[in-house]
Every structure is written in C-alpha cells, then in structure tokens.
Number of protein chains: 2
Amino acid sequence: MATLKDIGAELGLSPATVSRALNGFPEVNSETRERVREAADRLGYRPNRVAQRLVTGRSGMVGMILRMRPDMREDPTLFDMLTGLSAALSLRDVDLVLAVDQETDPVAAYERMLSRSLVDGFILAAPEPDDPRIAYLQAHDLPFVVHGRHAFQADYPFYDIDNRKLARDSVALLTSLGHRRIGFVNGEAELTYAQDRLREFRVAMAAAGAPVEDSLISHGRLTESHGYASALAMLSRPEGLRPTAILCSGTMLAKGVYRAAHDLAIAIPQALSVVAHDDIWPGLEADRFDPPLTTTAKSMRAACDPLADLLIQRIAGAAPAGLRHIEEADFFLRESTGPAPPREGDARR
Amino acid sequence: MATLKDIGAELGLSPATVSRALNGFPEVNSETRERVREAADRLGYRPNRVAQRLVTGRSGMVGMILRMRPDMREDPTLFDMLTGLSAALSLRDVDLVLAVDQETDPVAAYERMLSRSLVDGFILAAPEPDDPRIAYLQAHDLPFVVHGRHAFQADYPFYDIDNRKLARDSVALLTSLGHRRIGFVNGEAELTYAQDRLREFRVAMAAAGAPVEDSLISHGRLTESHGYASALAMLSRPEGLRPTAILCSGTMLAKGVYRAAHDLAIAIPQALSVVAHDDIWPGLEADRFDPPLTTTAKSMRAACDPLADLLIQRIAGAAPAGLRHIEEADFFLRESTGPAPPREGDARR
DNA sequence: CGCCCTTGTCAAAACGTTTCAAATTTCGGA
DNA sequence: TCCGAAATTTGAAACGTTTTGACAAGGGCG
C-alpha cells in the first residue's frame with residue numbers, strides 16, 4: 001500500500017507537500033497538485049486512517065449503543081435504523097461501531113467506548129426525559145445526535161418528526177368524519193414522542209369539542225400484543241361508551257387493534273375507524289392490512305441521512321444548539337377510516 | 001488521559017519499560033512491574049488504541065457486513081446475532097464495525113472496509129455454496145469466521161450446529177410415533193444448512209422405511225408466510241395423501257403451519273404433529289405456542305462466544321483449517337407431537 | 001583481573017499522517 | 001541591481017505506542 005512518502009519519492013517532493021496537495025490546501029502549485037493526483041491514482045494511494053487518526057485525534061467512526069430489552073426483536077424500527085444509518089454514514093466515509101449495553105448503568109457503555117478513543121461521536125435513539133446518557137454526553141461536551149428529543153425544546157442536535165402535527169392531523173381527520181369518542185393507543189408513557197402526541201391529541205380533541213376519556217388512552221410498547229390488549233379493553237366497553245375510532249402510535253399496535261376488532265366482530269371502517277402512525281416502511285405494510293390502513297407516515301430511513309449530516313457537522317465543531325431537523329409526516333388516506341357510525345338516539349336513521 | 005510517557009515520568013522510568021511492564025514481558029523486575037501497575041491504575045491509564053494500531057498494524061476491531069434483503073426484518077435471528085456478537089466481542093476487548101451491503105458485487109463492501117485498514121477480520125453469516133465472499137477472503141488470506149458453513153467439509157473457521165443430527169433426531173421422534181407421511185418445510189434451498197437437513201431427512205426417512213415425496217418438501221425464507229403457504233398446500237391435499245406430521249426449519253415457519261392447520265380445522269397434535277428447529281430463544285417462543293411446540297433448539301446467542309473465540313484465534317495467527325465448533329442441538333419434547341392418527345383401513349378401530 | 005552471562009533498563013526508530021515554522025524560489029517594483 | 005512580499009516547498013515535530021539494539025550493573029568463573 002502506497003504511502004505519502006512513496007508518492008513524494010516518486011515525484012521528488014516531500015510528504016508534506018503531497019499531503020497538502022491531496023487535501024486541497026490552497027498554497028500548492030496547481031501543476032504540482034495535478035502531478036500528485038496522478039501519481040496517487042497510479043500507485044493506488046489510500047490514506048492510512050489509523051495514522052490520520054493518531055495525529056488529528058479524530059477516528060472517522062461513530063458509535064451507537066443499543067440498550068438490550070427483552071422484547072426488542074418485536075420492534076423492527078431499530079433494525080431499520082441500524083442498517084439505514086450504517087449506509088448513510090458509509091456514504092460519508094464514516095464507519096459505525098456497534099455495542100450493546102447490558103449493564104445497569106446506562107452511561108457505562110459510553111465511557112467504555114470512549115476510553116478506547118475510537119469514536120468521534122454517538123448516535124442515540126429513543127431518548128427519555130432526563131435521559132442520563134444525554135446528561136453525561138452534554139456534561140463532557142461530546143458530539144452526539146439524537147433520534148427524537150427528550151424535551152420539546154432541546155439544545156442538542158436531533159432529528160425528529162413533527163409529532164404534534166401528526167397527532168393534530170389524525171384527530172382532525174377523525175373529527176371531521178364525525179367521530180367524537182376516540183381512543184388513543186400510544187407508545188410508552190416515558191418517551192417524549194408519546195407525550196408530545198398525547199399533548200396535541202388533547203389539544204386537538206378539545207378544539208373539536210370532543211371529550212377525552214383517560215380510560216380510552218393507553219401506553220405501552222409498540223407491539224401487536226399491546227395493541228391487542230388495549231383495543232380489547234376499549235372495545236369491550238358497553239355500546240355507546242366504546243370508541244368509534246382508535247388512533248395508534250405504530251402499525252404494530254394497529255395490527256393488534258385489527259385483531260381485537262376482528263375477535264369482537266367489529267367491522268373496520270363501518271363500526272371502527274383506525275388511524276396509525278407508520279414509521280416503518282410507509283405504504284408497504286399499511287397497504288397489506290385488510291382493509292388498508294390510513295396512516296401518517298415517515299420512514300426510519302428518512303431519518304438516517306439527516307442524522308448523519310447533523311452528527312458530522314457537530315463533530316466538525318458546529319455549535320449543538322442550532323442543529324436540528326424536524327420532518328413533517330405525510331398523510332395517507334386509505335380504507336380504515338370512514339364516517340362515524342350513527343349513534344343511538346341520533347336523528348339520522 | 002495519561003500516556004506511557006506520563007507514567008514513566010511519574011516513576012522515573014522510560015516509556016519503553018512501562019510498556020513492557022504493562023504488557024507482561026518477562027524481563028522486567030517484578031517490583032518495578034508492581035509500581036508501574038499501581039501508577040497506571042492511579043493515573044487511569046488506558047492504552048491509546050490508535051497508537052497501538054499504527055505500530056502493530058492490528059486494529060482490535062472486526063467487521064460484519066449485512067446483506068440487505070427486503071424481508072430481513074421478518075428474520076429476528078440476525079438481530080440476535082448482532083447483539084450477541086457485539087456483547088461477546090466487547091468482553092474480549094474487540095469492537096464490532098457494522099456495514100450494510102447494497103451493492104451488486106458482494107465483495108465490494110469488504111474491499112471498502114479493508115481499504116480503510118480498520119478491521120482485523122470479518123464475521124460472515126448465512127453462507128451459500130460457492131460463496132464469493134468466502135472465496136475472496138480466502139484468496140487474500142484474510143481472517144474471518146463463518147456462522148454456518150458453505151460446504152460440509154469446510155477448511156475455514158466456522159461455528160455450526162449439527163444440522164444432520166437434528167434432522168435425524170426429529171425424524172426419529174416422528175417415525176417412532178408412527179408417522180410415515182412427513183412434510184418438511186425447510187429454509188432456502190441455496191443455504192447449506194437446509195441442504196444438510198434435507199439430506200439427513202431423506203436418509204433418516206429411508207432408514208425408517210418411510211417414503212419421501214417431493215411435493216411434501218418446500219424451501220423458502222424462515223418466515224411465517226412461507227410456513228403458512230407451504231403448510232396450506234400440503235394439508236389441503238386429499239385425506240390419506242396429506243402429511244400427519246410436519247418438520248419445520250424454524251419457529252416462524254411453525255407459526256405459519258399452526259395457522260394453516262387452524263384455518264383448515266386440523267387439530268395439533270391429534271391430526272398433525274409439528275416439530276421445529278428453534279434457533280431464536282429456545283423455549284421462550286416455543287412455550288407460547290398453543291399447543292407448546294416440540295423443538296430441537298440452540299439459540300443464536302450460543303454461537304456468539306465460540307464465534308468470537310474462533311475469530312480471535314484466527315487473527316492471532318492460528319491456521320484456519322482446524323478452527324471449528326460444532327454444537328449439538330438440544331431436544332425439547334412438548335405437546336405439538338403425538339401418535340400418528342389411525343389411517344383409513346388401519347387395523348385398529 | 002578479564003571474560004561472559006544474566007538481569008533490568010533505556011534511547012531511538014518506526015508506524016503514516018498533519019501541521020508549524022522556516023527556508024527557498026519567484027516576481028514585481030523601485 | 002536590489003528589496004520585500006508573495007508563492008511554494010520543505011524539514012521537523014508531534015500523535016502514543018511497540019520493538020530493536022545497546023548498555024550498565026552485578027555475579028560467577030577461570
């Protein structure tokens with residue numbers, strides 16, 4: 001493998017000049033630069049990352065630490081993110097180091113990875129309010145970027161979708177169809193996106209003059225079983241008290257809702273409308289539902305390029321506060337939503 | 001961060017001596033070694049990996065390159081392996097670099113990772129016969145280890161379960177229960193484990209004097225939908241031609257088989273016995289089946305420690321040919337298997 | 001006293017790059 | 001012809017480690 005010295009020897013130049021020529025420094029003669037470029041190509045020169053790292057202190061790698069959870073495998077978003085990020089990063093010539101965190105102390109894994117001086121920054125997902133990982137990284141002024149945010153006003157680099165808007169849009173659709181009793185099967189209560197969606201759910205419901213019942217709100221993992229259990233509880237309430245529409249924070253939840261409706265012989269969309277947010281493979285999954293599921297959607301993959309860009313900017317020295325990317329979800333109206341069924345004692349038939 | 005020089009200065013020693021003391025070289029006074037150890041602890045010394053790498057040429061990292069497949073997310077084993085490996089490697093002070101391969105050329109991703117001189121070796125999964133990745137890595141004498149093997153007699157380091165034995169055991173159980181018409185819902189035909197299991201399936205069937213019908217053998221991804229479709233085809237054959245038992249190469253397949261049996265009102269195990277190999281979370285998933293599923297089992301996680309050890313040995317210079325770890329699957333008899341139903345025209349009843 | 005061997009230590013080189021400070025060349029203008 | 005500034009190029013230091021070859025001290029032996 002050719003080195004800077006080799007190229008220098010080939011052309012009668014010092015390694016220093018070769019380095020500057022290849023790195024685009026302005027003070028090198030353009031004719032010399034060309035000669036260097038040609039020789040580097042010819043000799044198949046590849047900068048030795050390790051040497052670069054040693055002198056610059058940068059490693060060209062970023063870390064991601066997964067927190068082990070027993071039901072992780074039921075959540076396909078993580079896998080998507082992993083592969084999407086790895087692809088996005090490698091386009092930018094950055095590599096991804098993976099670790100899993102099985103310890104009780106959530107920051108221990110970060111310390112360990114840092115102590116080997118092998119990553120320039122981190123990518124975090126699923127932040128919680130008062131997330132100790134974020135506190136640790138901020139306290140040590142380490143570059144990181146978060147998928148999601150642990151507070152609505154976050155002063156670190158993050159990518160997030162506009163959770164309030166998608167809750168607003170979903171409620172607006174349902175109320176405009178005449179629904180007033182709307183259930184909400186949400187993500188885990190500790191997670192910020194769930195809090196944001198719930199908050200706006202309440203606001204939008206109030207704006208439409210629809211009541212919000214706490215027993216029609218449930219929190220939990222984005223799994224089919226949680227969706228099933230929640231919907232079963234909501235839908236087995238007496239006629240007139242049960243929701244005519246359910247909003248879900250994920251398509252897996254919606255799958256559970258569909259199953260519960262099926263088991264209770266409640267027809268979708270005639271007797272129950274369902275809207276979900278789809279952060280997996282927008283369109284692909286939702287289309288396969290029977291009937292096809294109305295969704296707000298933004299894929300995990302869409303987050304990967306912005307996340308990579310933000311992190312690279314941060315590592316390059318950009319101030320953390322300004323770095324953010326908020327994406328609006330798209331709306332896909334499919335067949336799981338319809339007009340609210342006529343209520344008992346309703347004027348129309 | 002303290003360096004060797006710092007420790008040397010602290011104790012009036014040269015960095016060279018400090019290095020030798022910490023790395024256990026014999027020619028250093030044991031009293032000196034103790035002083036060095038103490039000082040290193042006190043100053044919180046951590047060897048700088050980058051500098052180590054530059055001089056030794058080793059990076060302390062290994063790479064894993066995932067091939068993107070559209071239905072990847074349905075396959076939870078990969079995720080298991082990723083997290084398990086990462087944990088196993090980090091115990092051994094090795095880090096895992098992840099990349100995804102979206103290119104047409106399967107070796108391009110390996111070349112790219114190598115050109116950055118950042119990994120010492122690779123971990124491969126799901127090898128195919130004549131796998132170009134294996135050919136490439138062997139041709140360049142690069143350390144790697146494979147989960148599975150692309151030929152029964154493989155001359156590279158690999159971990160594998162004894163696929164022939166588990167096929168033999170499963171068939172033996174079923175034939176001893178009186179089953180003679182046994183379906184086999186297998187993995188993809190190109191994959192070696194599937195070929196191995198099929199081969200032994202035929203052998204064991206022949207040994208029991210049971211006929212093997214090609215139409216009762218199906219190949220495909222280890223997904224529920226493939227299991228469902230295959231079982232539906234097998235079970236909707238006319239009475240007397242349809243199998244009384246089905247062997248599955250994965251629990252996801254078994255889930256599909258259960259669903260098909262349910263849809264066709266075929267009772268398990270009264271009218272149909274099901275055995276599957278469970279490489280996910282042995283016991284945990286199979287227990288949740290209704291009725292609980294009889295399995296041969298070895299978890300993905302069990303592979304991780306041996307894989308890590310084999311790769312580290314190989315990187316340290318061990319000859320590739322001898323490095324192998326073959327694990328026998330365990331047998332869990334549950335309630336999805338029972339005596340073969342009496343055949344029409346059978347003597348009894 | 002000279003020789004060799006062992007033990008413990010060290011200085012220096014090496015890995016390949018970046019970058020600082022200095023040296024050299026070039027050139028326009030006086 | 002000379003000066004100073006600008007344009008190029010260079011040597012050397014630095015990053016933190018491993019490793020080679022050398023060396024000093026001490027001991028045993030003839």
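Note on naming: letters A, B, ... go to the chains in the order of the sequence lines (proteins, then strands), and numbering restarts at 1 for each one.
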What's B/Gly12 touching, base or sugar-phosphate or nothing? Going by heavy atoms closer than 4.0 Å. sugar-phosphate
Given C/dC10, C/dC15, D/dT10, the nucleotide with the shortest approach to the side chain of B/Ala16: C/dC10
Between B/Tyr136 and B/Tyr110, ring centroids under 6.0 Å: no
Presence of B/Ser14 side-chain N/O under 4.0 Å of C/dT9 phosphate oxygens OP1/OP2: no
Indicate whether the side chain of A/Ser86 and that of A/Thr83 have a donor and an acceptor atom separated by less than 3.5 Å. no
Between P of C/dT9 and CG of B/Asn29, the distance in whole Å: 5 Å
Of the nucleotides D/dG16, D/dT19, C/dT17, which has the atom closest to the A/Ala51 side chain? C/dT17
Walking DNA chain C from its 5' end, the first of A/Ala2 and A/Arg20 to be reached, judged by nearest nucleotide, is A/Ala2
Minimum-distance nucleotide to A/Asn48 side chain [options: D/dT10, C/dA14, C/dT17]: C/dT17
Which is it for B/Phe158 and B/His325 under the ring pair (Phe, Tyr, Trp, His ring centres under 6.0 Å) test, yes or no, and what are the steps along the way? CA-CA 6 Å; B/Phe158 68 86; B/His325 186 119; 9.7 Å; no
So, OP1 or OP2 of D/dT18: does either fall under 4.0 Å of a side-chain N or O from B/Gln52? yes
A/Phe25 CZ to D/dT8 P: how many Å, rounded? 16 Å
Phosphate contact (D/dT8 OP1 or OP2) by A/Thr32 side-chain N/O below 4.0 Å: no
Can you measure B/Glu27 atom CD to D/dT18 atom C1' for me and round it to whole angstrom units? 12 Å
Check the distance between D/dA12's P and A/Leu4's CG and give it to me in whole angstrom. 18 Å
Return no unless some side-chain N or O of B/Thr3 is found under 4.0 Å from OP1 or OP2 of D/dG16. no
For B/Arg49 and C/dC15, give me the distance from atom CZ to atom C1', rounded to whole Å. 17 Å
Gap between atoms CD1 and P, on A/Ile7 and C/dG16 respectively (whole Å): 13 Å
Let's see if you can work this out: which of D/dT17, C/dT19, D/dG16 has an atom nearest to the side-chain heavy atoms of A/Leu54? D/dG16
Rounded interatomic separation in angstrom, taking CZ from B/Arg53 and P from D/dC15: 18 Å
Checking side chain to side chain contact (heavy atoms under 4.5 Å, CB included) between A/Ser19 and each of A/Thr17, A/Leu22, A/Asn23, which is the one that passes? A/Asn23
Is the phosphate of D/dT18, meaning OP1 or OP2, less than 4.0 Å from a side-chain N or O of B/Ser19? yes
Can a side chain N or O of B/Asn23 be found less than 4.0 Å away from OP1 or OP2 on D/dT18? yes
Reported CE-to-CE distance for the pair A/Met300 and A/Met81, which is rounded to 0.5 angstrom: 5.5 Å
Tell me: CZ of A/Arg58 to C1' of C/dT19, nearest whole Å? 15 Å
Distance col, row B/Thr3:OG1 vs B/Arg46:CZ, nearest 0.5 angstrom, shows 15.0 Å
Residue A/Lys5, side-chain atoms from C-beta onward, closest of C/dC15, D/dT17, D/dT9: C/dC15
When you measure from the side chain of A/Val55, which nucleotide among D/dT9, D/dC15, D/dT17 comes out closest? D/dC15
Between A/Thr17 and B/Pro26, who's closer to the 5' end of DNA chain C by nearest nucleotide? B/Pro26
Assign B/Arg46 to base, sugar-phosphate, or nothing according to its heavy-atom contacts below 4.0 angstrom with the strands shown. sugar-phosphate
